[in-house]
2 protein chains.
Amino acid sequence: MEDIDYIKENRLEDTGFSYTLNLIGGKYKMQALYAISLNHSPLRYNAMKRLLSPISFKSLTNTLKDLEHSGLIYRKEYPQIPPKVEYGLTDLGKSLIPVLDTICTWGEKQMK
Amino acid sequence: MEDIDYIKENRLEDTGFSYTLNLIGGKYKMQALYAISLNHSPLRYNAMKRLLSPISFKSLTNTLKDLEHSGLIYRKEYPQIPPKVEYGLTDLGKSLIPVLDTICTWGEKQMK
DNA sequence: TGTGATACTAACCCAAAGGAGAGTGTAATG
DNA sequence: CATTACACTCTCCTTTGGGTTAGTATCACA
C-alpha cells in the first residue's frame, strides 16, 4: 500500500507528459513552432514577432533560445548588413507538428 | 501587405490552439485529467493530491475548479461524514484524452 | 482521550515570467 | 539629411502562479 502509493506518486512526473511539457510548455513555444510550420519555411526574427504579436522582444528571444537549446528549431545567421537570421524546424521539431495539430484541431472543433 | 500582415497577426491567437491551451495550459491541468483517465474511474480529492504530488492544496483546488468550469470534469459530492468528493471526466474531458495521449507518447519516445 | 482521515478555505509571501522602453550599428531608402 | 529596417540586448517594473502554514467540523479507531 505504501509501496504502491509511492510508485504512483512518482509515476506522473516521469511520464512523457512532463518531458514534453518541459520542452514546449510556456506561453509562446507551441505558437512559435506552429508559426514556422504554417509558413512552410524558416521565419525571420521580426516576422515571428509580428506573427506572435503581442509578444515582447524579451519573450520572443527567450522562446527562441529555449527551443533552439531543446533542439526543436535551428538558428541560421547570414553575415549581412542589415543582419538576417532565420529560424526553422529541425527534424525533432517537425516530429512535434502532428502533436500540435491534434491540439489545434480539438480546439477548432470546440470553438464553433 | 498591410492587410495580410494584419490578418496574419490575429491568426495565431484565433486558432484552436490558443483555445485548447486556455483550457488545459498550466502546470497541473493536463496531469489532473490524465490521472483520472489512467485510473479508469473518478478520483477523490486526496487521492488526486497524492498522485499529483508535490502539488499544494491551493493549486489542486484551483486546477479542479478551472477544469470543472471548463466542463472537462465534474464534481460529485456525497453528503457523508467524513466528506467524500469525486472528480471524473465529462464527455468533453474524455474527448481530450487522445490529445493528451499524443503528447505523452511523443515524450516517451524521446526520453529513451 | 487523542490521533488521524476527510475536503477543503484563507492569509500571506516569494520567485519567476513577462511587458515596456530605450539603446546599438550599419546601410538602404525617401 | 533624416528615417526606417534589421536583430537583437539591457534595465526596470508589474503580474501571476504557486508554495506554506494554519484552521474548520465531524467521525472512526486505538
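Because only heavy atoms are used, hydrogens play no part in the values below, and waters and symmetry mates are left out as well, while side chains stay in. Residue numbers begin at 1 in each chain, while the letters A, B, ... track the order of the sequences.
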Within the 4.5 Å heavy-atom criterion, are [X] and [Y] side-chain neighbours or not?
X: B:I103; Y: A:I103; result: yes
X: A:L51; Y: A:L38; result: no
X: B:L23; Y: A:W106; result: yes

Could you check how far [atom1] of [X] sits from [atom2] of [N], rounded to whole Å?
X: A:L52; N: C:dG19; atom1: CG; atom2: C1'; result: 15 Å
X: A:L60; N: D:dT9; atom1: CG; atom2: C1'; result: 13 Å
X: A:I55; N: D:dC8; atom1: CD1; atom2: P; result: 13 Å
X: B:L21; N: D:dG17; atom1: CG; atom2: C1'; result: 17 Å
X: A:I81; N: D:dA5; atom1: CD1; atom2: C1'; result: 13 Å
X: A:N46; N: D:dT9; atom1: CG; atom2: P; result: 13 Å
X: A:F57; N: C:dG21; atom1: CZ; atom2: P; result: 12 Å
X: A:R50; N: D:dT4; atom1: CZ; atom2: C1'; result: 12 Å

Specify the residue among B:K58 and B:R44 whose closest nucleotide of DNA chain C lies further upstream toward the 5′ end.
B:R44
Taking for each residue the nucleotide of DNA chain C with the nearest heavy atom, is it B:E77 or A:G26 whose nucleotide lies nearer the 5' end?
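Nearer the 5' end of the strand: B:E77.
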How is [X] classified with respect to the nucleic acid when contacts are heavy atoms under 4.0 Å: base, sugar-phosphate, or nothing?
X: A:K49; answer: nothing
X: A:Y78; answer: nothing
X: A:Y87; answer: sugar-phosphate

Examine the side chains of A:Y78 and A:E86 and answer whether a donor and an acceptor come within less than 3.5 Å of each other.
yes
Backbone N/O of A:F57 and side chain of A:T61: donor-acceptor pair under 3.5 Å:
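Yes; judged by distance alone, with no hydrogens or angles, the pair exists.
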Looking at the side chain of A:S56, which of C:dG19, D:dG19, C:dT6 is the nearest nucleotide?
C:dG19
Residues from residues 61-76 of chain B sitting under 4.0 Å of DNA chain D, heavy atoms only?
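The answer is none.
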Within the pair B:Y45 and C:dT9, is there a side-chain N or O less than 4.0 Å away from OP1 or OP2?
no
D:dG17 phosphate, OP1 or OP2: any side-chain N/O from B:S59 under 4.0 angstrom?
no
Please tell me whether A:Y74 and A:V85 are part of a single hydrophobic cluster in this structure, the criterion being side-chain heavy atoms less than 4.5 Å apart.
no
Please verify the inter-ring angle class for B:Y87 with B:Y45; under 30° counts as parallel, over 60° as perpendicular, anything in between as tilted.
tilted
